[in-house]
Amino acid sequence: MEPLLDLTDVNYTYQTAEGETPAVKDLSFRVFPNHFLGIIGPSGCGKSTILSLIAGLIQPNSGKIAVSAEIGYMLQKDHLLDWLSIRDNISLGLRIHHKLTPEKEKWSDKMLEEYGLAPFADARPGQLSGGMRQRAALIRTLALSPRMLLLDEPFSALDYQTRLTVSDDIYRILRSQQMSAILVTHDISEAISFCDRIIVLTKRPASVKKTFDIHLTLDKERTPFEARMAPEFKDYFNEIWGELNV
Ligand SMILES: Nc1ncnc2c1ncn2[C@@H]1O[C@H](COP(=O)(O)OP(=O)(O)OP(=O)(O)O)[C@@H](O)[C@H]1O
Ligand SMILES: [Mg+2]
């Protein structure tokens, strides 16, 4: 199978007036269709930089990034605009890209219905709970029909219970649309529950330290919530914890 994303020996150094900060070093990994990749690493090691490189916001100093899919980007903060209604926030990206058609408007209304946001379509973001805002931000990102989603700590602003529910919601939505995802997180349990493969990064500059393929034994269909019940869960947790703390 052809990867949607292929990074080969990527290097990136920030140049500022104060000097150079190497952030990414000889980084290589791939993401395949329908695959969820987790990225875990020490604070400040270069995780967000990796997503910016993939999104094309910055260019590598050396190495190669081959992207063969539309990419959507969801950040830690949802960046909903407070002066627009939820409906207008969702259609904003489409409007900017001149892709707002009556079909897309219908699709947006269906998504709002499906994700329990229909009664809030005309409300402002400030009137919504954290979980509802996150779902609205997801619909806005999905409206542009990406095949791969970059998620940078998307649940970290949410309280624990909402976090579990929203991560289940988002998992189901992405799976049902047969999308791929890269999830950057500090939370080992979240990564194991969500991802098919996890890469643990070194301290800055970020490089792959170890890769874990996640195989869980479950009687029910896999969701992040169900995944936490799998017998292998705590062994993965301990191994990844060990990698992060040596
Ligand atoms: N625009 C910038 N200019 C200069 N240095 C930067 C810039 N952005 C990030 N850095 C530096 O690059 C390094 C990696 O930053 P990055 O944000 O990628 O780390 P991170 O792993 O996402 O951190 P966190 O865990 O806090 O989210 C840090 O040392 C940071 O100070
Ligand atoms: Mg970051």
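Here the structure is a predicted model, which means the values were calculated and not measured. Both ligands and their constituent atoms are indexed starting at 1 by order of listing.
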> Is any side-chain heavy atom of F233 closer than 4.5 Å to a side-chain heavy atom of S189?
Replying inline: yes

> So, do R175 and F36 sit near enough that their side-chain heavy atoms are less than 4.5 Å apart?
Replying inline: yes

> Is it the side chain (CB and beyond), the backbone, both or neither of E153 that lies under 4.0 Å from ligand 1, heavy atoms counted?
Replying inline: neither

>> So, 4.0 Å and heavy atoms of G41: is ligand 1 close enough to count as a contact?
In response: no

> For ligand 1, which atoms have a heavy atom of T16 less than 4.0 angstrom away?
Replying inline: 3 (N), 4 (C)

>> If the cut-off is 4.0 Å to any non-hydrogen atom of H186, which atoms of ligand 1 fall inside it?
In response: 25 (O)

> With R87, which residues qualify under side chain to side chain contact (heavy atoms under 4.5 Å, CB included), at least two apart?
Replying inline: S85, D109, A121, D122

> Any N or O of S48 that comes nearer than 3.5 Å to an N or O of ligand 1?
Replying inline: yes

> Any N/O of A23 closer than 3.5 Å to an N/O of ligand 1?
Replying inline: no

Got a list of side-chain donor-acceptor pairs under 3.5 Å for residues 239-246, not counting sequence neighbours?
| residue | atom | partner | partner atom | Å |
| --- | --- | --- | --- | --- |
| N245 | ND2 | W241 | O | 2.8 |

>> Quick test of your reading of the structure: of I58, T49, V184, D152, whose heavy atom lies closest to atom 18 (O) of ligand 1?
In response: T49

>> Testing the basics here: between R30 and P3, what is the closest heavy-atom pair and its distance to 0.1 Å?
In response: CD-CG, 3.9 Å

> Do you see an N/O/S atom of S48, backbone or side chain, under 2.8 Å from the Mg ion (ligand 2)?
Replying inline: yes

> Can a salt bridge be assigned to the pair R163 and E190 using a cut-off of 4.0 Å between side-chain N and carboxylate O?
Replying inline: yes

